[in-house]
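What's counted below: heavy atoms across the whole structure, side chains too, no hydrogens, waters or symmetry copies. Chain letters run A, B, ... following the sequence lines, proteins first, then strands; residues in each count from 1.
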Protein chains: 2
Amino acid sequence: MTRRSGVGSQRPNDHACALSEVVEQVSGKWSIGVLLAAADGPVRYTQLEQSVTGISRRMLTLTLRNLERDGLLVRTAYPTVPPKVEYTLTGMAVELCESLTALTDWAQRHRDAIERSRVAYDAEPGTG
Amino acid sequence: MTRRSGVGSQRPNDHACALSEVVEQVSGKWSIGVLLAAADGPVRYTQLEQSVTGISRRMLTLTLRNLERDGLLVRTAYPTVPPKVEYTLTGMAVELCESLTALTDWAQRHRDAIERSRVAYDAEPGTG
DNA sequence: CTGTATCCGGCCGGATACTG
DNA sequence: CAGTATCCGGCCGGATACAG
């Protein structure tokens, strides 16, 4: 931070607003997983179902529809029998994923602290 | 991306996992707003209530407690009458906010596309 | 293979009242 | 000023069954 002079007229609330919109788009329980699973190239429905461990068909479809609707995924259906559908990241989504690496890096730097905050307070062993 | 050679053994799923954890921590309806509102320095409860437009006392408290618990905020209570409580970002949180600017930048680059995706689909012109 | 439809429980979050 | 307690509605998401 401390770049107040560079941004200009942007108040903190503006940042918060824009930021919240972005976060909300990927804040679904499965959005990140689906996005990352589709990052390596065109993937099929069943491939996603397998890579995104634990997701149900319902949530996979809903997540895909949302990402598609937000312009992050493109759905390509081939009129074959049996049907074949491929999902591909848009340029926007690729850039988003790249931006998200900043968060991944942050998470890695503070992995220990996060771990501690997610367990601790409940374990309470006698070993210290 | 395209840093596959640098990270080493990290599979996409690992990224997705770490990433999801981070996103989850700031995915509450008010987390981002509170975080950004507290970024300028120590802020008091009522200050937050005012800057974070629309938040209720209940949600403000819950959000603060969560951020505190995740090590992103520090709560300082002064034993005065009337009471005075200040909230400050931790170093972790400051770094997180800096990382989040990557997302803000992304949002700004794709602001138009985001706008379109949030309206559209309801207009339904006859051009298609 | 790629979905859709329905039911249902749990959690998130708003409104309101009360407290030290 | 800075919270806490309670009620309650709506949405998210899991399980399951059905369909082209």
Side-chain angles (χ1 to χ4, degrees), chain A residues 16-17 20-35 37-38 41-70 72-89 118 122, chain B residues 16-17 20-35 37-38 41-70 72-89 118 121:
Chain A
C17 187
S20 296
E21 307 258 331
V22 182
V23 170
E24 194 174 337
Q25 283 194 0
V26 293
S27 68
K29 187 175 181 181
W30 303 103
S31 302
I32 300 274
V34 170
L35 221 46
V43 282
R44 301 183 59 174
Y45 190 86
T46 313
Q47 277 185 274
L48 288 171
E49 206 177 349
Q50 290 162 1
S51 3
V52 185
T53 318
I55 198 172
S56 66
R57 287 222 264 291
R58 169 184 156 79
M59 286 318 295
L60 177 54
T61 302
L62 281 180
T63 305
L64 287 171
R65 295 289 178 271
N66 281 336
L67 295 175
E68 201 186 344
R69 179 202 191 96
D70 290 340
L72 297 175
L73 277 186
V74 171
R75 177 181 183 273
T76 312
Y78 300 91
T80 60
V81 182
K84 172 180 177 180
V85 178
E86 282 183 345
Y87 292 91
T88 317
L89 292 199
R118 292 188 68 84
D122 192 50
Chain B
C17 188
S20 296
E21 307 257 331
V22 183
V23 170
E24 195 174 337
Q25 284 193 0
V26 294
S27 68
K29 188 176 180 181
W30 303 103
S31 303
I32 299 274
V34 171
L35 220 47
V43 283
R44 302 182 58 174
Y45 189 87
T46 313
Q47 277 183 276
L48 289 170
E49 206 177 347
Q50 290 162 2
S51 7
V52 185
T53 318
I55 197 172
S56 68
R57 286 222 264 291
R58 170 183 155 80
M59 286 319 293
L60 178 54
T61 302
L62 282 180
T63 306
L64 287 171
R65 295 289 178 271
N66 280 336
L67 295 175
E68 202 186 343
R69 179 202 190 99
D70 289 341
L72 296 175
L73 277 186
V74 172
R75 177 182 183 273
T76 312
Y78 300 92
T80 60
V81 181
K84 172 179 175 179
V85 179
E86 282 183 344
Y87 292 91
T88 317
L89 293 198
R118 293 189 70 82
Y121 87 96

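Rounded to an integer number of Å, the gap from A/L64 CG to C/dG3 C1' is 10 Å.
Using a 4.5 Å heavy-atom threshold, the side chains of A/L62 and A/R58 count as touching. Side chains of B/L73 and B/T88 form no contact here, defined as non-hydrogen atoms less than 4.5 Å apart. Using a 4.5 Å cut-off on side-chain heavy atoms (C-beta onward), B/Y87 and B/L64 make contact.
When all heavy atoms of B/E49 and B/L60 are compared, the pair lying nearest together is N-CD2, 3.8 Å. The two residues A/E86 and A/K84 make their nearest non-hydrogen contact at OE2-CE, 3.6 Å. Across every non-hydrogen atom of A/I32 and B/S20, the tightest pair is CB-OG, 3.6 Å. Residues A/V23 and B/S27 share a closest heavy-atom pair of CG1-CA, 4.0 Å. What you find for B/A37 and B/V52 is that their closest heavy atoms are CB-CG2, 3.9 Å.
The line from OG1 of A/T53 to CH2 of A/W30 is 8.0 Å long, rounded to the nearest 0.5 Å. The CD atom of B/E21 lies 10.0 Å from the CG atom of B/D70; values are rounded to the nearest 0.5 Å.
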Worksheet item: So B/V85 and B/T76, side chain to side chain contact (heavy atoms under 4.5 Å, CB included) or not? Walk me through it.
Response: CA-CA 6 Å; B/V85 179; B/T76 312; over 6 Å; no
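Overall bending of the helix from C/dC1-D/dG20 to C/dG20-D/dC1, expressed as the angle between end axes built from five pairs apiece, is 40° (10° steps).
Residue pairs meeting the salt bridge (Lys or Arg N to Asp or Glu O under 4.0 Å) criterion with at least one partner in residues 74-83 of chain A, sequence neighbours excluded, are absent.
Contacts of residues 74-89 of chain B with DNA chain D (heavy atom under 4.0 Å): B/R75, B/P82, B/P83, B/K84, B/V85, B/Y87. Annotation: proximity of residues 43-51 of chain B to DNA chain D (heavy atom, distance under 4.0 Å) is found for B/R44, B/Y45, B/T46, numbered in ascending order. Near DNA chain C, meaning a heavy atom under 4.0 Å from it, residues 55-63 of chain B has B/R58, B/M59 in order of number.
The one candidate from A/L72, A/I55, A/V43, A/N66 that meets the side chain to side chain contact (heavy atoms under 4.5 Å, CB included) condition with A/V34 is A/I55.
Interface limits on DNA chain D: the 5'-most and 3'-most nucleotides within less than 4.0 Å of chain B heavy atoms are D/dC1 to D/dT6.
Using modelled atom types, one finds a donor on one side chain and an acceptor on the other under 3.5 Å when comparing A/Y45 with A/T61.
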